[in-house]
Structures are given as C-alpha cells and as structure tokens.
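What you see below is based on every heavy atom in this structure, not just the backbone, and it leaves out hydrogens, waters and symmetry mates.
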Amino acid sequence: MALVLVCAAAGCGTKTVLKKEPRPPRPPVDIVVKNSETVQEDTAGKPMWRISAREIRASEAATTLQVKGASVVVLGPGGQDRMRLVCPNLVANGAAKRLEASGGVSASSAENGISFKAERIEVDLPANRVTASGGVEGSNPQGRFQAGTLESDLKFEVVRLGGAGGVRATINPAAGSQGKGR
C-alpha cells in the first residue's frame with residue numbers, strides 16, 4: 001500500500017498532457033514580379049492565357065493577378081492563339097476565368113481578322129464572351145466601325161455594336177465575299 005501512495009504522489013502511471021498553443025495563421029502570399037511572362041492554367045491544367053508584363057502582382061488571398069503594361073494572348077482549345085490584348089492595366093482572375101483590361105486597350109483576332117480599340121475590354125471564358133466599352137473603334141475584313149459598345153463570342157463570328165452615341169460602320173460587301181465565307 002505504501003508503494004501505491006508513493007506512486008500516486010509522484011504521478012506514476014499518469015500522463016502529463018502539454019497544451020499546444022495554436023499557430024498563428026500564415027499570412028497570404030503576395031508576390032511582385034517585374035518584366036516577366038506567365039501562363040495561367042485552369043483547374044484541369046489547360047492553359048487559359050499567356051501574359052507578358054512590365055509588372056505582375058499576385059495575391060493568393062484574392063486569386064487574381066494585377067498586371068501593369070500587359071500583352072495577353074487568350075488561348076483556345078489545344079493552346080491556339082484565340083485573341084490578343086495590349087493594355088496598361090489588367091486584372092486576371094484565374095478562378096473565374098475572366099480578364100478585365102482597361103486604360104485604353106487594343107485587341108485583335110487573327111482567326112477572323114478583327115482588330116479594335118476601346119477604353120475597357122472584358123473576356124469571360126465560361127460565357128464565351130468578349131465585351132468592349134468606351135469609344136470602340138475597329139475594323140474587320142468587311143469594313144470599319146465605331147460604337148460605344150461591342151459584344152461578341154470569342155471567335156468573333158457574331159459581333160454586336162451598340163451604345164447611346166449610335167453606331168457608324170463602313171461595310172464593303174465585296175471584301176466579305178473574298179473572306180472566309182461568312
């Protein structure tokens with residue numbers, strides 16, 4: 001019995017549990033990369049776009065890239081060059097598969113021979129949509145156009161022009177018959 005009392009007093013057979021202090025949460029990673037090129041892929045590993053930039057700010061918390069001085073190639077199936085953008089400011093949201101270019105943007109698509117400029121252009125891959133606003137001016141094989149807004153599919157097969165200031169277009173039907181048969 002004396003042994004039991006000695007063990008009980010000394011803590012024999014009991015475990016001492018140390019309380020672990022919780023680690024403080026790791027701050028989100030923010031990165032600034034200058035004069036670089038990056039390819040952003042979707043969750044399936046398919047490339048969505050390639051961005052060359054004077055400066056890229058990546059925020060893990062926001063899942064976006066803030067880009068200055070950007071040249072972007074929007075990639076289609078099989079990595080084909082679907083559309084090109086050149087802009088001073090770009091927000092690339094990989095999770096939403098959206099690009100928002102601003103500050104005077106130039107855009108072109110070799111696939112259908114369209115090129116245009118606008119103050120702002122948004123590319124929404126899941127919706128298969130390009131939207132431009134703010135002094136849209138451009139051309140395609142059939143002629144030239146000016147409008148407040150432009151909306152199209154990513155292949156530029158159907159382009160809608162609109163806006164409060166109206167639409168101005170010069171169309172050369174002969175040029176269209178020499179094109180891709182639209």
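In this structure, the separation between CG on N93 and CD on Q66 is 10.0 Å, given to the nearest 0.5 Å. The distance from the CG atom of N35 to the CD atom of E55 is 9.5 Å, given to the nearest 0.5 Å. Between the NZ atom of K68 and the CG atom of N89 there is a distance of 4.0 Å, given to the nearest 0.5 Å.
In the hydrophobic clustering of this structure, M48 does not group with V86; members are Ile, Leu, Val, Met, Phe, Trp, Tyr whose side-chain heavy atoms approach within less than 4.5 Å, directly or through other members. If you chain together hydrophobic residues whose side chains sit under 4.5 Å apart, F156 and L154 fall into the same group. In the hydrophobic clustering of ILVMFWY residues, with side-chain heavy atoms under 4.5 Å counting as a link, M83 and V159 come out together. In the hydrophobic clustering of this structure, V105 groups with L161; members are Ile, Leu, Val, Met, Phe, Trp, Tyr whose side-chain heavy atoms approach within less than 4.5 Å, directly or through other members. At a threshold of 4.5 Å between side-chain heavy atoms, the hydrophobic network of Ile, Leu, Val, Met, Phe, Trp and Tyr places I114 and L85 in one connected group.
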How far apart are the C-alpha atoms of V74 and L125, what are their side-chain angles, what is the distance that settles it, and do they pass the side-chain contact (heavy atoms from CB on, under 4.5 Å) test?
CA-CA 9 Å; V74 179; L125 295 180; 3.9 Å; yes

Evaluation steps, side-chain contact (heavy atoms from CB on, under 4.5 Å), between V33 and T38
CA-CA 10 Å; V33 181; T38 184; over 6 Å; no

Determine, stepwise, if the pair R160 / L150 fulfils side-chain contact (heavy atoms from CB on, under 4.5 Å).
CA-CA 6 Å; R160 291 180 186 85; L150 174 150; over 6 Å; no

Go through the steps for N112 and E157 under the test side-chain contact (heavy atoms from CB on, under 4.5 Å), then give the verdict.
CA-CA 7 Å; N112 275 327; E157 291 177 325; 3.9 Å; yes

Yes or no on side chain to side chain donor-acceptor pair (under 3.5 Å) for E151 and T131, after CA distance, side-chain angles and deciding distance?
CA-CA 5 Å; E151 186 174 318; T131 307; 4.6 Å; no

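When the salt bridge (Lys or Arg N to Asp or Glu O under 4.0 Å) test is applied to R144, no partner is found at least two apart in sequence or on another chain.
Annotation for G104 and P88: closest pair O-CD, 3.3 Å, computed over non-hydrogen atoms. When all heavy atoms of C87 and L90 are compared, the pair lying nearest together is SG-CB, 4.0 Å. Residues F116 and A132 come closest through the heavy atom pair CE1-CB, 3.8 Å. The nearest pair of heavy atoms linking A92 to Q40 is CB-OE1, 3.9 Å. Considering all non-hydrogen atoms of both residues, G148 and V136 come closest at O-CG2, 3.7 Å. The minimum heavy-atom distance between F145 and N140, with the atom names listed, is CE2-N, 4.3 Å.
Within the structure, every pair that satisfies the side-chain hydrogen bond (donor to acceptor under 3.5 Å, both in side chains) test and touches residues 95-104, not counting sequence neighbours, is listed here: R98-E122, R98-D124, E100-R120. Among residue pairs with one or both ends in residues 69-82, those qualifying as side-chain hydrogen bond (donor to acceptor under 3.5 Å, both in side chains) are D81-R84; sequence neighbours excluded.
Under a 3.5 Å cut-off, the side chain of N128 and the backbone N or O of D153 do not form any donor-acceptor pair.
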